[in-house]
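Just below is one structure, and these are the notes that go with it.
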Amino acid sequence: MGRHDSHTIPLPLGPMIWSDEFDGTDLDPQKWRYEPSASMVPNLNQEQQRYLDHGGRTAVVRDGVLVITAVREPLWNSTVSARISTYHRFRFTFGVVEARLKVPWKQGFWPAFWMLGANVRELGWPACGEIDIMEVFGHRRGRKACSTVHNEQHSWGTRDPLDGGCVPLGPIDEPQPGWHTWWLYWTPDRIAFYFDSEQKPIWSYARDKNNVSADQFPYTEPMYFIINLAVGGNGPSETVDERALHPPGASLLVDYIRTYNLEPPRSIPEAAPVLQTPPPPAPASLLALPDPPLLPSPPVLQPLPPLVVPLLPPLTASPPPLPPPPSSSPLPMEALSDSALVSLGLQSGWGRAEGLHDCLGLVIVTATVIAGMIIVFIGLGAPTVLLHAALQRNRRSRGVCREGLGERLIGSTDCYS
């Protein structure tokens, strides 16, 4: 088989962002995954094959080529094939795709290289969008390969399905088509398909400027690749050639798949340098004027000395004791009586009081002394007054008056001294 050179590239290309040249001996699990029938909707598209969850004889890499084969398996009495994709491996938005393939042209066989929106699980089909880069519908459309798109407005079962565009796959007298290159040119506003080195696209599909909804152009989100070889179904819509399923079966061959960014924007040419012309000379009258005097420089401000804040002494647990009040003639404590000690507030119990307790104690003692004097005065003064009044009454009754040291009887109730 061997590697085949690509045709002349009909499109401007940016840098390559992903490719698989199938140079190894097995399918690269970092780039591809198997999609078995068990993970799909039962009886999908009325197809007859069963996709396996491993390569086996249905997906083989040899001599730099990926070979996907549909064959009748006698042990299971069923047709087996392979479907692989880059789902959760690689996806991209906008760019150029180049794929070199060799497709089988047999009745009832449906090989395809296509793309689905990576949000198919969330939106479903065909809302996610589908781009069919290459499809062969058995013999239904003749010896041709077709390219088209599917979305909410244009798909099978909708009001306006699209046929897309088809190209012949070589002379009819050749038993099987040879190697061909398919191109996809995908921009934010247009999808176009090219074949080999043809400069004119097979078919194109553009965004409707009057209808910018995702129903008409959902192709602004990431998409991923799918390669499969189906047998039967509503694509070919014809009887399957059972003889083509006998071992070794019929195969779809893939030489390489390459993905490029869109052509980078052309660099803006540098502006021409601007010539600097010298300014015109000043008039002679201005040149003769003396320079203006220089203004005196402002005085330089000296920085202020740093502010030093004295530190307060640390607080102690208790204030120092106050000194005793001065005394002109201190007396020994033994020479004072108890009453004197009480009046001075120096007796035991009062003398040890400090601060507020001294003042309060002294006030209480003073109040007590004054109250005692009042009581004594009342207690002694009242009887004396009463006694004096009784004596006066007695004297009047007896007619006795004192004059000097003697006494005389005046025979009157009045007493004059």
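One-based numbering along the sequence shown.
Remark: Cys128 engages no residue in a disulfide (SG to SG under 2.5 Å) (not counting sequence neighbours). Taking the side-chain contact (heavy atoms from CB on, under 4.5 Å) definition, one finds that Phe90 meets it with Ile17, Trp18, Thr86, Phe92, Phe225, Thr259, sequence neighbours left out. Remark: Tyr185 pairs with no residue by the side-chain hydrogen bond (donor to acceptor under 3.5 Å, both in side chains) rule, at least two apart or across chains. Residues passing the side-chain contact (heavy atoms from CB on, under 4.5 Å) test with Met16 are Ser19, Arg258, Tyr260, sequence neighbours excluded. Partners of Phe195 under the ring-ring contact (aromatic ring centres under 6.0 Å, His included) rule, at least two apart in sequence or in another chain, are His180, Trp182. Contacts of Asp189 classified as side-chain hydrogen bond (donor to acceptor under 3.5 Å, both in side chains), with partners at least two apart in sequence or in another chain: Arg207. When the salt bridge (charged side-chain N to carboxylate O under 4.0 Å, His left out) test is applied to Arg190, no partner is found at least two apart in sequence or on another chain. Remark: Thr93 pairs with Trp186, Pro222 by the side-chain contact (heavy atoms from CB on, under 4.5 Å) rule, at least two apart or across chains. Scanning for ring-ring contact (aromatic ring centres under 6.0 Å, His included) contacts around Phe217 gives Tyr219, with sequence neighbours left out.
The distance from atom CG of Leu229 to atom OG1 of Thr69, rounded to the nearest 0.5 Å, is 7.5 Å. Once rounded to the nearest 0.5 Å, the distance linking OG of Ser204 with CZ of Phe193 reads 9.0 Å. One distance of note links SG of Cys166 with CZ of Arg143; it measures 15.0 Å at 0.5 Å rounding. For the atom pair Asp28 CG and Leu66 CG, the distance stands at 11.5 Å (nearest 0.5 Å). Atom-to-atom distance recorded for Ile191:CD1 and Ser147:OG is 11.0 Å, nearest 0.5 angstrom. Here the CE-OG1 distance, from Met134 to Thr181, works out to 12.0 Å after rounding to the nearest 0.5 Å.
A donor-acceptor contact shorter than 3.5 Å links the side chain of Asp20 to the backbone of Phe22. Not one N or O on the side chain of Trp105 forms a donor-acceptor pair closer than 3.5 Å with the backbone of Ala145. Judged by distance alone, the side chain of Ser81 and the main-chain N or O of Ala230 form no donor-acceptor pair under 3.5 Å. Although no hydrogens or angles enter the test, the distance criterion places a donor-acceptor pair under 3.5 Å between the side chain of Glu238 and the main chain of Gly108. Listed for the Ser85 side chain is a donor-acceptor partner under 3.5 Å among the backbone atoms of Tyr87. Within the 3.5 Å criterion, the main-chain N or O of Gln153 finds a donor-acceptor partner in the side chain of Asn151.
Closest of all the heavy-atom pairs between Pro12 and Glu263 is CB-OE1, 3.1 Å. When every heavy atom of Leu52 is checked against every heavy atom of Val80, the shortest pair comes out as CD2-CG1, 4.0 Å. Pairing each heavy atom of Ala99 with each of Ile257, the nearest pair is CB-CG1, 4.2 Å. Contact record, Arg140 with Ser237: CD-CB, 4.1 Å, taken as the closest heavy-atom pair.
A 4.5 Å side-chain heavy-atom check between Ile133 and Trp183 finds every atom pair outside the cut-off. With a 4.5 Å cut-off on side-chain heavy atoms, Val240 and Leu245 count as touching. Looking at Thr79 and Val71, their side chains never come closer than 4.5 Å, going by heavy atoms from C-beta outward. Two residues are said to be in side-chain contact when any heavy atoms from C-beta on lie closer than 4.5 Å; Pro126 and Glu152 meet this criterion. Residues Tyr205 and Ile131 have side chains not in contact (no heavy-atom distance under 4.5 Å, counting atoms from C-beta outward). Annotation: side chain of Val103 is in contact with side chain of Leu169 (closest heavy-atom distance under 4.5 Å).
Among residues at least two apart or in separate chains, salt bridge (Lys or Arg N to Asp or Glu O under 4.0 Å) pairs with a member in residues 68-97 are Glu35-Arg83, Arg57-Glu73, Arg72-Glu242. Applying the ring pair (Phe, Tyr, Trp, His ring centres under 6.0 Å) test to residues at least two apart or on different chains, none of the pairs has a partner in residues 235-255.
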For this session: Determine, stepwise, if the pair Glu130 / Trp125 fulfils side-chain hydrogen bond (donor to acceptor under 3.5 Å, both in side chains).
Result: CA-CA 8 Å; Glu130 177 179 330; Trp125 183 92; 2.6 Å; yes
For this session: For Tyr256 and Glu98, run side-chain hydrogen bond (donor to acceptor under 3.5 Å, both in side chains): C-alpha distance rounded to whole Å, both residues' side-chain angles, the deciding distance at 0.1 Å, then the answer.
Result: CA-CA 8 Å; Tyr256 59 79; Glu98 176 190 8; 2.9 Å; yes
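More than 12 heavy atoms of other residues, nucleotides or ligands lie within 6.0 Å of NZ in Lys31, so this atom counts as buried by the packing criterion.
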Identify every side-chain donor-acceptor pair in residues 109-123 under 3.5 Å, counting partners at least two apart or on other chains, and give the distances.
unit_1 : atom_1 : unit_2 : atom_2 : d
Trp110 : NE1    : Glu135 : OE2    : 3.2
Trp114 : NE1    : Asn228 : OD1    : 2.8

